[in-house]
Amino acid sequence: MNALPGGTADEARAPGTAGPAGGDAQPEGEGPSAVHVRGLVKTYSGVQAVNGIDLDIRRGEIFALLGPNGAGKTTTVEILEGYRSRDSGEVTVLGFDPARQRARVKNRVGIVLQSVGVEQYLTVRETITMYAGYFPQPRPVDEVIGLVGLEDKSGSRVIKLSGGQKRRLDVAIALVGNPELLFLDEPTTGFDPSARHEAWDVIKNLAALGKTVLLTTHYMDEAQYLADRVAVIAAGRIVAEGTPATLGNRELARARVRYRLPGHAAPPGDLAGPVQPDGFTEFTSEDVTQSLHRLTGWAIDTGVSLDGLEVIRPSLEDVYLSLTGAASGDDGGGQPEPARKAHGRKA
Ligand code: ATP
């Protein structure tokens with residue numbers, strides 16, 4: 001598997017846990033889905049981490065998995081990567097079963113973990129060249145350096161890179177084997193705002209290359225910006241799935257219009273509303289275009305200004321919080337984490 005310096009395989013696979021009888025749902029190595037999951041279940045010594053997940057990720061798609069701590073995201077992704085066994089369910093990754101056909105999946109996926117322990121005293125170019133040597137058909141090293149925007153740092157030692165630059169190197173390492181599918185685990189955690197936006201550009205570049213990307217994130221703006229589709233997972237189940245714009249029917253929610261008025265000016269009744277503690281007048285509207293036209297027309301005619309005028313719809317974060325509020329699965333229980341997580345799977 002690409003980009004797993006220091007990575008260790010998961011626990012020994014229990015006998016008889018290698019997936020469903022009856023074989024793959026798609027022809028080997030083909031099929032429209034990059035990832036196809038049905039009825040995935042995983043329990044750790046009584047802790048139900050994944051409880052019947054269905055997932056389809058199309059080739060060329062950027063797909064984000066969202067969910068609170070302990071929801072089952074890492075377990076799901078590690079099963080897809082072939083690093084963890086499943087109790088039951090059907091899983092194909094690029095048409096292969098990662099449990100039974102791991103070798104077939106291995107060189108076709110790239111993994112960017114939260115912290116990858118690369119040799120600190122090699123340069124960026126030496127590091128990527130070294131990883132290129134592990135793959136039968138690597139991408140040209142200079143092209144990869146360009147894709148992640150590290151041209152200026154290609155001769156710098158890893159130890160001299162900033163956090164954001166190290167993360168780009170992680171992506172470069174995952175990319176050099178020319179994988180079809182990339183797993184990005186919280187790719188921008190700990191970044192400053194400009195480093196995050198730079199990392200987003202890198203990820204968008206991957207999509208432009210036709211790669212499929214599965215990322216986990218706790219940042220709603222990241223999912224909003226990057227993902228074609230998102231799934232929210234809570235307590236081991238998918239509780240909502242859709243585009244960032246339509247998740248939880250958020251596009252259908254009534255808009256709130258807010259503004260502040262000087263003095264005692266009063267707009268027509270349906271364009272007024274209760275004055276909030278922050279001094280804003282607020283009303284909801286089913287036809288925002290109409291309402292705004294009338295409201296701004298009234299303001300111009302009357303010669304008043306509508307300070308701070310804004311239209312608000314539920315954000316992805318609002319929808320996420322309402323979806324996960326009732327179903328959070330972080331019980332803090334379970335057994336200790338296995339070696340892979342403890343050894344740098346998560347920073
Ligand atoms: P986070 O956002 O915190 O990374 P997550 O969504 O990735 O969380 P998982 O790591 O998949 O969640 O964990 C799901 C559940 O399984 C949690 O209740 C967790 O405590 C439990 N769990 C995970 N790994 C193990 C393990 N090796 N042994 C026992 N329980 C585990």
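Just so you know, ligand 1 is whichever comes first in the structure, and atom 1 is the first atom listed for that ligand. Computed from a predicted model, the values in this text were never measured in an experiment. Residue indices begin at 1 and follow the sequence shown.
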Could I get the full list of side chain to side chain donor-acceptor pair (under 3.5 Å) partners for R313, not counting sequence neighbours? none
With a distance cut-off below 6.0 Å to the six-membered ring centre and an angular limit of 45° from the axis, does R258 pair with F280 as a cation-pi contact? yes
Tell me whether the guanidinium CZ or amine NZ of R256 lies under 6.0 angstrom from the six-membered ring centre of F283 and within 45° of its axis.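 Judged by the rule, R256 and F283 form no cation-pi pair.
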Sequence neighbours excluded, which residues qualify as salt bridge (charged side-chain N to carboxylate O under 4.0 Å, His left out) partners of D301?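 In terms of salt bridge (charged side-chain N to carboxylate O under 4.0 Å, His left out), with neighbours along the sequence ignored, D301 is linked to no residue.
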Looking at ligand 1, is there an atom of it that comes within less than 4.0 Å of some heavy atom belonging to H218?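 True for this residue.
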Hey, is ligand 1 close enough to [X] that some N/O pair sits below 3.5 Å?
X	answer
V47	no
K73	yes
N69	yes
A49	no

With a cut-off of 4.0 Å, which atoms of ligand 1 are near a heavy atom of P68?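 Under 4.0 Å from P68, ligand 1 has these atoms: 2 (O), 6 (O).
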Near T75 (heavy-atom distance under 4.0 Å), the atoms of ligand 1 are 9 (P), 11 (O), 13 (O)
Does a side-chain N-to-carboxylate-O contact under 4.0 Å join R167 and D170?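 Yes, R167 and D170 are salt-bridged.
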Between S45, G70, G236, which one has a non-hydrogen atom sitting closest to atom 8 (O) of ligand 1?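 The nearest heavy atom belongs to G70.
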Mind running side-chain hydrogen bond (donor to acceptor under 3.5 Å, both in side chains) on T217 and E222 for me, showing each step along the way? CA-CA 7 Å; T217 183; E222 184 158 295; 3.0 Å; yes
